[in-house]
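For ligands, and for the atoms within them, numbers begin at 1 and follow the listed sequence. Along the sequence shown, residues carry numbers from 1.
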Amino acid sequence: MKLKFGTVEENVVTREEFPLEKAKEVLKDEVIAVLGYGVQGPGQALNLKDNGFNVIVGQRKGSKTWDKAVADGWVPGETLFELEEACERGTILQFLLSDAGQIALWPTVKKHLTPGKALYFSHGFGITYKDQTGIEPPKDVDVILVAPKGSGTSLRRMFVEGRGLNSSYAIYQDATGKARDRVVALGIGVGSGYLFETDFYKEVTSDLTGERGTLMGAIQGIFAAQYEVLRANGHSPSEAFNETVEELTQSLMPLVAENGMDWMYANCSTTAQRGALDWWKPFRDASKPVFEKLYNSVKTGKEAAKSIESNSKSDYRAKLEEELKELRESEMWQAGAVVRKLRPENN
Ligand SMILES: NC(=O)C1=CN([C@@H]2O[C@H](COP(=O)(O)OP(=O)(O)OC[C@H]3O[C@@H](n4cnc5c(N)ncnc54)[C@H](O)[C@@H]3O)[C@@H](O)[C@H]2O)C=CC1
Ligand SMILES: CC(=O)[C@](C)(O)C(=O)O
Ligand SMILES: [Mg+2]
Ligand SMILES: [Mg+2]
């Protein structure tokens, strides 16, 4: 259906409009092969299975995630296969390897993309940056996308709680004339709360900007800046952490999620309101040039190149762990670990 967001009208698909029963009817003759069992793989595969679809998992034998798949109930030789065998058996190939990993597996996937099959992504990365990834699908298959707007971990958790994470969907190539039904059915099947329409380019440029920006990069940057200023002015770690992170995640963000920023402001003191209304614009103006620089780096493919380059190295997991350790061992997040333990519900 068409829905207005502010003054802009967009295409949205809800569960009422496209119920699970309809999704099952559309996909009743398909074998959905989920390739990769990292973060999105388990979330999407388990939700599909619990929703009653015909789904198999493809993963490297002998890997840690193969064992995880077995522990999650996938049966070797029945519903769990080596990647190539899953590519052969599947009629819909859900390409859920890491974006860099997709480059290495592409020749194998391509080989098994016989006419009429569908190639499914959860990111516009591989297709949009095809000059860097080499991913150019044959013309006689559907190429579709469902991108859950959140971690695969949340996708699964929310499904189990009876809620649903929202996703975007896109069609890059409709070879069978059934691409729309297929993509929407898959979107409902993986447990999306509702779906909004996009294209591969818009999906990847917004996603890379978001995760580098407010969702992950900018938020850590702004936390660190405020924490450091408070500490430099003699505030204790617990005071600095509570006033920077804990209050935001525990008290104020849930209010924003429920009813918007104005409602959160309305539930704070008049003193806080005055200050926040005065200061949000200077923060916007100071950070906007950084966001513009970021968007440009995404648009020109520089961010894609960097992530392919670093994630294709054999020691990348070890390097990543070192960098995460640096965050974990920073004073701010050490303080956070203590604060989390002090939450009454955690002890
Ligand atoms: N992490 C998330 O929650 C989200 C991910 N996405 C997208 O979903 C897709 C999958 O992402 P994640 O689940 O994060 O991936 P991941 O980084 O967890 O990796 C998935 C799997 O790929 C396998 N793999 C990596 N390199 C390989 C290679 N060379 N050969 C064979 N297997 C290899 C890994 O063993 C792992 O099982 C990506 O396109 C990503 O952008 C989209 C939304 C959120
Ligand atoms: C979880 C998600 O949607 C991200 C942040 O874009 C990602 O993991 O790539
Ligand atoms: Mg992302
Ligand atoms: Mg995302």
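At a threshold of 4.0 Å, the pair Arg157-Glu161 does not count as salt-bridged, since none of the basic side-chain nitrogens sits closer than that to a carboxylate oxygen. With respect to Arg328 and Glu321, a salt bridge is recorded, a charged nitrogen being found less than 4.0 Å from a carboxylate O. Under a 4.0 Å N-O distance rule, the pair Lys68/Asp72 qualifies as a salt bridge. A salt bridge links Glu203 with Lys149: the distance from a Lys NZ or Arg NE/NH1/NH2 to an Asp or Glu carboxylate oxygen falls below 4.0 Å.
The backbone N or O of Glu292 sits nowhere less than 3.5 Å from a side-chain atom of Asn296 that would complete a donor-acceptor pair. A distance-only check finds no donor-acceptor pair linking the side chain of Asn259 to the backbone of Leu255 [under 3.5 Å].
Annotation for ligand 2: atoms under 4.0 Å from non-hydrogen atoms of Met216 are 5 (C). Those atoms of ligand 2 that come under 4.0 Å of a heavy atom in Ser151, given as number and element, are 1 (C).
Less than 2.8 Å away from the Mg ion (ligand 4), the protein contributes these N/O/S atoms: Asp207 OD1.
Evaluation of the side-chain hydrogen bond (donor to acceptor under 3.5 Å, both in side chains) test over residues 124-141, restricted to residues two or more places apart or in two chains, returns none. Counting only residues at least two apart or on different chains, the ring pair (Phe, Tyr, Trp, His ring centres under 6.0 Å) pairs with a member in residues 310-347 are Phe241-Trp333.
For atom 3 (O) of ligand 2, the closest non-hydrogen atom on the protein side is Gly150 N, 3.6 Å.
Ligand 2 has no N or O atom lying under 3.5 Å from any N or O atom of Lys149, backbone or side chain. Checked by distance only, ligand 2 and Glu211 come closer than 3.5 Å through their nitrogen or oxygen atoms.
In this structure, Leu215 falls outside the shell of residues with a heavy atom less than 4.0 angstrom from ligand 2.
A search for salt bridge (Lys or Arg N to Asp or Glu O under 4.0 Å) contacts involving Asp181 returns nothing, not counting sequence neighbours.
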